[in-house]
Number of protein chains: 2
Amino acid sequence: MKLKILAKVDSLDTQKSIISKIGELINFKNLEPGDKLPSERMLSEKFEVSRSNVREAIQKLELYGLLDSIPQSGTFVANIGVIAMNGMIEDILRLEDPDFKSLVETRILLELKTVRLASLRRTEEDLEKIKEALDAYSEKVLRGEDAVQEDLLFHLAIARASGNSIMNNFMLIITPEIITNFEKYHVCDKKLANLSISEHQDIFEAIKKQDPKLAKQKMKDHFTVLYQYCYNIKKST
Amino acid sequence: MKLKILAKVDSLDTQKSIISKIGELINFKNLEPGDKLPSERMLSEKFEVSRSNVREAIQKLELYGLLDSIPQSGTFVANIGVIAMNGMIEDILRLEDPDFKSLVETRILLELKTVRLASLRRTEEDLEKIKEALDAYSEKVLRGEDAVQEDLLFHLAIARASGNSIMNNFMLIITPEIITNFEKYHVCDKKLANLSISEHQDIFEAIKKQDPKLAKQKMKDHFTVLYQYCYNIKKST
DNA sequence: ACTTATAAATTGGTTAACCAGATTACAAGG
DNA sequence: CCTTGTAATCTGGTTAACCAATTTATAAGT
């Protein structure tokens with residue numbers, strides 16, 4: 001009964017094909033920044049797909065900042081020339097599904113930065129939120145319960161305190177997949193959880209003291225375990 | 001005639017309100033990972049919004065990995081418990097629009113990493129692609145033309161060679177906004193462009209030699225100029 | 001000729017009916 | 001009581017007609 005997933009893959013394929021065709025069209029018509037694309041209706045007719053499919057493709061390209069759709073007016077190519085447009089569309093179509101290794105790599109990179117920024121920029125309110133997340137985590141671990149969610153919320157609270165909305169956004173994007181992978185590979189063992197409490201506390205204290213170097217180091221220590229698991233999984237698969 | 005934009009803001013507001021209500025509903029009904037959400041029709045009726053609005057909100061939550069919509073079956077909450085769900089939805093709703101400073105900070109962070117990974121993992125094909133992008137950039141600069149697009153494509157080629165699909169994806173997301181901001185603030189001056197050619201070449205050579213340390217350093221040098229512009233803009237605004 | 005006023009056509013967004021696959025309920029058969 | 005077959009129902013996806021705001025074309029006035 002894997003047919004469910006197949007339907008989604010199929011839908012993604014048509015979306016990719018539409019994106020590709022929109023790219024070709026921009027090339028063919030030499031559309032420059034600010035120019036108007038043909039209407040959704042015309043595109044759906046030209047590409048022989050449903051209009052809703054066209055809309056979804058446009059929405060995706062809007063997400064990547066390549067198009068800008070304005071109600072009752074039209075869809076316009078963003079302030080990006082044809083050359084960059086071509087390159088980016090090609091890259092978007094080539095994008096592979098994220099693997100666990102990429103996930104961990106990216107997470108560590110982001111968190112070593114957000115913790116540093118958080119220690120420099122955190123407000124009192126940020127600090128309170130982090131403390132709340134820390135306490136919620138500790139309590140649950142001490143009760144012997146699984147606390148993967150509280151763990152990640154602690155890290156997200158730091159990301160928010162970093163004052164960098166993009167890194168915060170990126171952390172939000174990768175967090176769910178981290179949670180599912182953690183549970184899948186049983187990364188968060190209960191023996192480790194007790195150790196993690198003090199590690200979390202150290203991180204919190206460093207942020208409180210506004211010591212960026214210490215904060216980064218404590219986060220690095222915290223991730224040492226994760227590194228190992230990452231490599232173990234890499235070897236075993 | 002700023003009404004165009006207002007329509008979009010309004011639409012985003014209703015989307016946020018729907019996301020918030022979905023969150024409340026998951027709480028109220030104590031829905032756990034794998035549980036099924038009410039159908040789109042019921043939600044649209046309950047929330048008194050159009051079904052397409054509901055669909056868009058669900059799609060957004062799907063993007064953040066919180067929901068999973070399966071054709072002809074239903075929408076399911078992802079492998080994330082109520083606690084993480086609450087925290088993440090709250091964070092998603094709070095997300096601010098990215099500012100230029102965040103953009104530059106994130107770009108530098110990502111690129112110092114991707115260039116390192118690229119120097120370690122690049123295939124021969126990757127190297128060729130990077131070389132092509134480099135040549136395209138150099139040619140255009142030497143002809144005295146604006147080459148912001150080719151500049152960014154060079155950096156994207158490196159991101160692709162990094163072998164980390166998530167960082168590659170993130171680079172793609174922030175690139176268009178970098179381009180528009182560059183053109184807005186005239187960051188890429190023509191005097192700088194000539195200097196940048198040799199900097200790009202240095203980066204390329206380091207990747208070719210598979211020297212991660214050198215690659216990172218050369219990228220850092222390349223960004224020195226950008227740093228300065230960032231602070232200038234910060235001061236002037 | 002140029003501006004202004006007005007009507008027709010075009011646009012993205014919305015709505016409601018419809019579709020095919022998936023699920024559920026239930027009855028028949030063992 | 002359990003399995004199995006079947007029909008009714010429910011689901012996300014698709015389609016086509018419709019909407020209001022916008023843009024364009026056209027005509028009127030000066």
Please report the distance, rounded to the nearest Å, between [atom1] in [X] and [atom2] in [N].
X       : N      : atom1 : atom2 : result
A:Arg41 : C:dA9  : CZ    : C1'   : 11 Å
B:Glu40 : C:dC19 : CD    : C1'   : 15 Å
A:Asp68 : C:dT11 : CG    : P     : 17 Å
A:Glu56 : C:dG13 : CD    : P     : 13 Å
A:Ile70 : C:dG12 : CD1   : C1'   : 11 Å
A:Glu45 : D:dT15 : CD    : P     : 13 Å
B:Leu67 : D:dT11 : CG    : P     : 16 Å
B:Glu62 : D:dG12 : CD    : P     : 11 Å

Quick one: is [X] getting a side-chain N or O under 4.0 Å of the [N] phosphate, OP1 or OP2?
X       : N      : result
A:Arg55 : C:dG13 : yes
B:Thr75 : D:dG12 : yes
A:Ser50 : D:dT15 : yes
A:Ser39 : C:dT11 : yes
B:Ser73 : C:dT23 : yes

Contact list for DNA chain D against residues 19-36 of chain A - heavy-atom distance below 4.0 Å: none
Run the salt-bridge test on [X] and [Y] with the 4.0 Å N-O cut-off and return the result as yes or no.
X        : Y        : answer
B:Arg94  : B:Glu90  : yes
A:Glu105 : B:Arg121 : yes
B:Arg160 : B:Asp126 : no

Have [X] and [Y] got a donor and an acceptor in their side chains that come within less than 3.5 Å?
X        : Y        : result
A:Asn53  : A:Ser50  : yes
B:Ser165 : B:Asn168 : no
B:Tyr64  : A:Asn169 : yes

Testing C:dA17, D:dT22, C:dG12 for proximity to the side chain of A:Pro71, the answer is C:dG12
So if I take every side-chain heavy atom of A:Asn53 and compare against D:dG13, D:dC18, D:dT14, which nucleotide ends up nearest? D:dT14
Considering all heavy atoms of both residues, which atom of B:Leu66 and which atom of A:Pro176 are nearest to each other, and what is their separation? CD2-CG, 4.2 Å
Polar pair under 3.5 Å, donor/acceptor by atom type, side chain A:Gln72, base C:dG12: yes
